[in-house]
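Residue numbers begin at 1 in each chain, while the letters A, B, ... track the order of the sequences. Worth saying up front: this structure is predicted, and the values here are computed from it rather than measured.
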Number of protein chains: 2
Amino acid sequence: MASSLISRQFALSLQKNLHLSAPGCRYVSKAAPKTQLEFDYDGPSMKTSVPGPRSEELRKQLGHIQNVGAINFFCNYEESRGNYLVDVDGNRMLDIYTQISSIPIGYNHPDLLKLLSDPSNLSTLVNRPALGILPPENFPEKLTESLVSVAPSGMTRVQTMACGSCSNENAYKAMFIWYRNKERGHNTPSEEDLSSCIINQSPGCPELSILSFMGGFHGRTMGCLATTHSKAIHKLDVPSFDWPIAPFPRLQYPLEEFTRENAQEEARCLEEVEDLIVKWRQKGKPVAGVVIEPIQAEGGDNHASSDFFRGLRDIARKHGCAFHVDEVQTGGGTTGKMWAHEHWGMEDPADIVSFSKKLLTGGFYHKDEFQADEPYRIFNTWMGDPSKNLVLSEVLNVIRRENLLEEVNRSGKALMTGLVELQAQYPGMLSRARGVGTFCAIDICDDGTRNRILITARDKGILLGGCGDRSIRFRPALVFKEYHVHLFLNIFNDVLAQLK
Amino acid sequence: MASSLISRQFALSLQKNLHLSAPGCRYVSKAAPKTQLEFDYDGPSMKTSVPGPRSEELRKQLGHIQNVGAINFFCNYEESRGNYLVDVDGNRMLDIYTQISSIPIGYNHPDLLKLLSDPSNLSTLVNRPALGILPPENFPEKLTESLVSVAPSGMTRVQTMACGSCSNENAYKAMFIWYRNKERGHNTPSEEDLSSCIINQSPGCPELSILSFMGGFHGRTMGCLATTHSKAIHKLDVPSFDWPIAPFPRLQYPLEEFTRENAQEEARCLEEVEDLIVKWRQKGKPVAGVVIEPIQAEGGDNHASSDFFRGLRDIARKHGCAFHVDEVQTGGGTTGKMWAHEHWGMEDPADIVSFSKKLLTGGFYHKDEFQADEPYRIFNTWMGDPSKNLVLSEVLNVIRRENLLEEVNRSGKALMTGLVELQAQYPGMLSRARGVGTFCAIDICDDGTRNRILITARDKGILLGGCGDRSIRFRPALVFKEYHVHLFLNIFNDVLAQLK
């Protein structure tokens, strides 16, 4: 069924480029030798529909304890390997969603198993310190080996936090503190600052704002939530701040056909940003910082050009606003560079870069001037978790040793080529194939069809995630090779043919 | 030096009750046989002043990466055991602060080392799931064994989160959602709700509030911070919400001498709470929930009577506000009960109870009606960490097996007796000895003396923490036995004598 539905041109191109074993039939690339991924399985294997009976049983059990409305199925993490997630009913799925993009080098990577079996690391797992006051001896070394070793351009300082939301909340606080000290001209708060802040009033708790973008997602705690505008369900019923929200460019695809329109659209958005900054300053709620994702992920994988981000950075600088790049979902190598904003090719791209997910710990990098002047201003009990830094350090070793960023670029190219081809094949169903590295997405004609595709693909052993109103996002691990791309494309083609 | 400074009566009473080995001299209780704590050391041992040269060196290194202003010293967690924290200069300190009260059963507990050496637990450490969508097979079981097994009265539902702040943020969200659905009379948001919330405006983002107490501490993210009023440095320069802040009773000690005054003070505070609820409703910012700590910790270990909390709970119910008890610092057994609010002796003490620290994972218990009606409303990528539930499960086993709550009550009694005696001995220096279980505190005449006591005690091998303006708080692990209490009292007495 599948073979007949792949365009001849596509099959031929794949055959030519990828030394297909069975041209014209289900194609499986041999380009990436399997030995590189000895801890991987060699394909999906489905025993039941998903969720299967054991998952349903566990879901009922868990339903007595918490809301299970979002649960897809229960997993057997012991049996999961590499790119494959195994569920409790014995189904083995090629995982292209990886726990909402948070598994960097696949399941049960042998180097991580080895690391965590090493008795000399036991103490790090058992004794969780209050990092801000009593760090372990190897903390500076582990930070240097891990986060500092991949610090974005211009940044040598990093603060870890427990999760993505906490990272952004604290990054916002760092920007507010920086901005107020700048306004004061010195770091010494007045008596009025100190007495008013304790009761939530200005000037101690000033009327400052963070400018964010429609469609953006920066987390779900109340500060972050005031900058999140991807779906109503995230925000409904939660009090918020009167902060400015700018439009994010809505590009038309294919990009090469809409160069002029897209440039106009980006210029319009930048103009609006500048207007909002002026307007909020006039309102007495100056913009202390601008926060943006290099690719809006939750909001539907919305991209903008490097020119747009350069322009935005300039506007922020011009108006004295900090520029915060939220790399919680884009960071960690999935775009083919460690940080997506490195694609902009700027020497001074950001003041603050936050991360979480694939970095295993939350946190944010910042320029020197964004370090709070006093201790205990950016602080909490745990301030991260050194056991996560330990694992991250080894993950980064694996990424370097196995040249995984190169692999991501190779796989990403194959994935985009395949998506573009499928889009040509199913023009009424697919559109706007887009991506950087393996951080790809494609739009489906409507959300009902999108959801049917996700479920049908899952039943065929492919785990994908949605985003925005009607997009499918691809978020594989960094060990997702060309081999896996073709495996995926083949099955995806089956799914599309079936639902056409 | 020490012996002569302990009152005769105190020494005699200790001798009588505790079979002292050396009456009239440094007293060491034999009541708690050391075999119960075979993984403990037998006393502090100091090699250098603290921080020592190696700590200073590491501090310099870390200073290139982050703010080190709050760092006390660097630790050798491998060598730390039970109640003793060992630093990188070989100093061994009796730890009565335990990483800001977050180490439940001491350092390197053998049962935890065993648990985390077990290869069958490796996968839980290596593969961190997105718990809200793809939980591991044993998740319902581990939750049941751990958090559900110690659920507060009236609560069977629990949501884990990564840290204390995220726990409170999400608890507030649960209260807002509950309140708005109650206002609507149903769970279906209007079109206006949905379209307005996405741009931070009412009615979708309603003008609701949380009532908190002066001196309270509930975390440092922006929602939590709007309910935190312990120290200005936590809040300075961060925008906040116009939410009501009630006075927390300021009790006079000794309690038995001020029964009438304290009852009046508590009545005054309750009256103010009710006034604020009415006032904020009139302002159009109704109070969706009331949040309070059973003992204000950061704010200075401020206690109130069970009657106060009963009255408060009644007021919240009368006005249709949710009642949220924040047990982040008080929970986990340190007051001699698993939850401090259990001391109030109520059948229906709370709607929401949040936790973190000694529970190793953040989260909150809630009544059925506080479960969000839809998935993805209380949600994030990780939603906690099953590796922490695994460890917590074993911690609770140890607590039960070793009857640690009984031990806490016994040690707490000895600690309070000792503090009261020392207070009588040093009336110009010490006052307001107070506590429940080992969750004790004492006030020092001024903050300068308080800080000198903390430093001098540390140099003698006792690690303590401050809180409020001039209090010392005691936050030992649950394995802090009478033996350790007397060891501490003896050295503390030396310190006080030296600084008198």
Asks: Heavy-atom pairs under 4.5 Å with chain A: which of B/Leu225, B/Thr156, B/Val158, B/Val328 has the most?
Replies: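 Most pairs with chain A among the choices: B/Val158.
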
Asks: Report yes if some heavy atom in the side chain of B/Leu115 is under 4.5 Å from a heavy atom in the side chain of A/Val126; otherwise report no.
Replies: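 When only atoms from C-beta onward are counted, A/Val126 and B/Leu115 do not touch, as no gap falls below 4.5 Å.
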
Asks: Can you tell me which of B/Gly362, B/Gly164, B/Pro140 forms the most heavy-atom pairs within a distance under 4.5 Å of chain A?
Replies: B/Pro140

Asks: Output the distance between atom NZ (B/Lys231) and atom SG (A/Cys197), rounded to the nearest 0.5 Å.
Replies: 13.0 Å

Asks: Quick check: closest heavy atoms across A/Trp382 and B/Ser102, and the distance to 0.1 Å?
Replies: NE1-OG, 3.8 Å

Asks: For the interface with chain A, which of B/Gln61, B/Lys285, B/Lys173 has the highest count of heavy-atom pairs at distances below 4.5 Å?
Replies: B/Lys173

Asks: Considering non-hydrogen atoms only, spot the tightest contact between B/Phe176 and A/Asp237 and give its length.
Replies: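 Taking every non-hydrogen atom into account, CB-O, 3.2 Å.
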
Asks: With only heavy atoms counted, which part of B/Phe379 is less than 4.5 Å from chain A, the side chain, the backbone, both or neither?
Replies: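 Both backbone and side chain.
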
Asks: For A/Asn67 versus B/Arg157, what's the shortest heavy-atom pair and its separation?
Replies: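 Minimum heavy-atom contact is N-NH2, 4.0 Å.
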
Asks: If we define contacts as heavy-atom pairs under 4.5 Å, which of A/Lys235, A/Lys357, A/Arg180, A/His366 has the most with chain B?
Replies: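 Option with the top pair count is A/Lys235.
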
Asks: Where is the tightest heavy-atom contact between B/Ile71 and A/Pro135, given as atom of each residue plus distance?
Replies: CD1-CG, 3.6 Å

Asks: Counting heavy-atom pairs under 4.5 Å to chain B, which of A/Ala70, A/Gly69, A/Ser101, A/Ala130 comes out on top?
Replies: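 Top option by heavy-atom pairs under 4.5 Å: A/Ala70.
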
Asks: Taking the side chain as every heavy atom from C-beta outward, state whether B/Thr221 and A/Met222 have any pair of such atoms under 4.5 Å apart.
Replies: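 No, their side chains stay 4.5 Å or more apart.
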
Asks: Decide yes or no for B/Ile199 and A/Met214: does some side-chain heavy atom of the first lie under 4.5 Å from some side-chain heavy atom of the second?
Replies: yes

Asks: Supply the atom-to-atom distance B/Ile233 CD1 to A/Tyr376 OH, rounded to the nearest 0.5 angstrom.
Replies: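 Here the interatomic distance stands at 11.0 Å.
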
Asks: Does A/Arg54 reach the side chain of B/Glu137, with side-chain heavy atoms less than 4.5 Å apart?
Replies: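 Yes; the side chains approach each other to less than 4.5 Å.
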
Asks: In sequence, state the C-alpha distance, the side-chain angles, and the governing distance for A/Leu236 and B/Glu374, and then conclude on side chain to side chain contact (heavy atoms under 4.5 Å, CB included).
Replies: CA-CA 11 Å; A/Leu236 182 67; B/Glu374 293 283 334; over 6 Å; no

Asks: Can you confirm whether A/Leu134 sits close enough to B/Tyr77 that some side-chain heavy atom of one is under 4.5 Å from a side-chain heavy atom of the other?
Replies: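 Yes, side chains in contact.
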
Asks: Side chain, backbone, both or neither: which part of B/Gln99 has an atom under 4.5 Å from a heavy atom of chain A?
Replies: both

Asks: Chain B: which of A/Pro203, A/Pro239, A/Pro119, A/Ser356 shares the most heavy-atom pairs with it under 4.5 Å?
Replies: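 Heavy-atom pairs under 4.5 Å are most numerous for A/Pro239.
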
Asks: I'd like to know which of B/Asn181, B/Asn170, B/Asn108 tops the heavy-atom pair count under 4.5 Å against chain A.
Replies: B/Asn108

Asks: Are A/Thr381 and B/Cys163 packed together at the side-chain level, in the sense that at least one heavy-atom pair is separated by less than 4.5 angstrom?
Replies: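 The answer is no, as the side chains (C-beta and beyond) never meet within the 4.5 Å cut-off.
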
Asks: Give the intermediate values and the outcome of side chain to side chain contact (heavy atoms under 4.5 Å, CB included) for residues A/Ser117 and B/Leu122.
Replies: CA-CA 7 Å; A/Ser117 312; B/Leu122 252 184; 3.2 Å; yes

Asks: For chain A, which candidate among B/Asp373, B/Val391, B/Leu85, B/Leu113 shows the most heavy-atom pairs at distances under 4.5 Å?
Replies: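 Most heavy-atom pairs within the cutoff with chain A belong to B/Leu113.
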
Asks: Are A/Ile100 and B/Ile133 packed together at the side-chain level, in the sense that at least one heavy-atom pair is separated by less than 4.5 angstrom?
Replies: yes

Asks: Going from CG on B/Asn380 to NE2 on A/His234, what distance comes out if it is rounded to the nearest 0.5 angstrom?
Replies: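 If we round to the nearest 0.5 Å, B/Asn380:CG and A/His234:NE2 are 11.0 Å apart.
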
Asks: Heavy-atom pairs under 4.5 Å with chain B - which of A/Met175, A/Arg59, A/His64 has more of them than the others?
Replies: A/His64

Asks: Which atoms of B/Leu125 come close to chain A, meaning under 4.5 Å heavy atom to heavy atom: side chain ones, backbone ones, both, or neither?
Replies: both

Asks: Looking at B/Leu131, B/Leu112, B/Leu116, B/Val68, which has the largest count of heavy-atom pairs under 4.5 Å with chain A?
Replies: B/Leu116

Asks: Answer with side chain, backbone, both or neither: which region of B/Tyr179 has an atom nearer than 4.5 Å to a non-hydrogen atom of chain A?
Replies: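 Neither part.
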
Asks: For the candidates A/Phe74, A/Trp243, A/Tyr172, A/Phe139, which exhibits the highest count of non-hydrogen atom pairs separated by less than 4.5 Å from chain B?
Replies: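 The answer is A/Phe74.
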
Asks: Would you say the side-chain atoms of A/Asn200 and B/Asp242 include a donor-acceptor pair closer than 3.5 Å?
Replies: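 B/Asp242 and A/Asn200 do not have a side-chain donor-acceptor pair below 3.5 Å.
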
Asks: Do you know the tightest heavy-atom contact between A/Glu78 and B/Ser120?
Replies: OE2-O, 4.4 Å

Asks: Heavy-atom distance under 4.5 Å to chain A: side chain of B/Val148, backbone, both or neither?
Replies: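 B/Val148 touches chain A through side-chain heavy atoms alone.
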
Asks: Provide the closest heavy-atom pair for A/Ile103 versus B/Arg128 in the form atom of the first, atom of the second, distance.
Replies: CD1-O, 3.6 Å

Asks: Please rank A/Cys75, A/Gly223, A/Cys205, A/Ala232 by heavy-atom pairs under 4.5 Å with chain B and give me the top one.
Replies: A/Cys75

Asks: Can you tell which part of B/Ser230 gets under 4.5 Å to a heavy atom of chain A, answering side chain, backbone, both or neither?
Replies: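 Only the backbone of B/Ser230 comes within 4.5 Å of chain A.
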
Asks: Between A/Asp385 and B/Lys388, does any NZ, NE, NH1 or NH2 come within less than 4.0 Å of an OD or OE carboxylate oxygen?
Replies: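 Salt bridge flag = yes for A/Asp385 with B/Lys388.
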
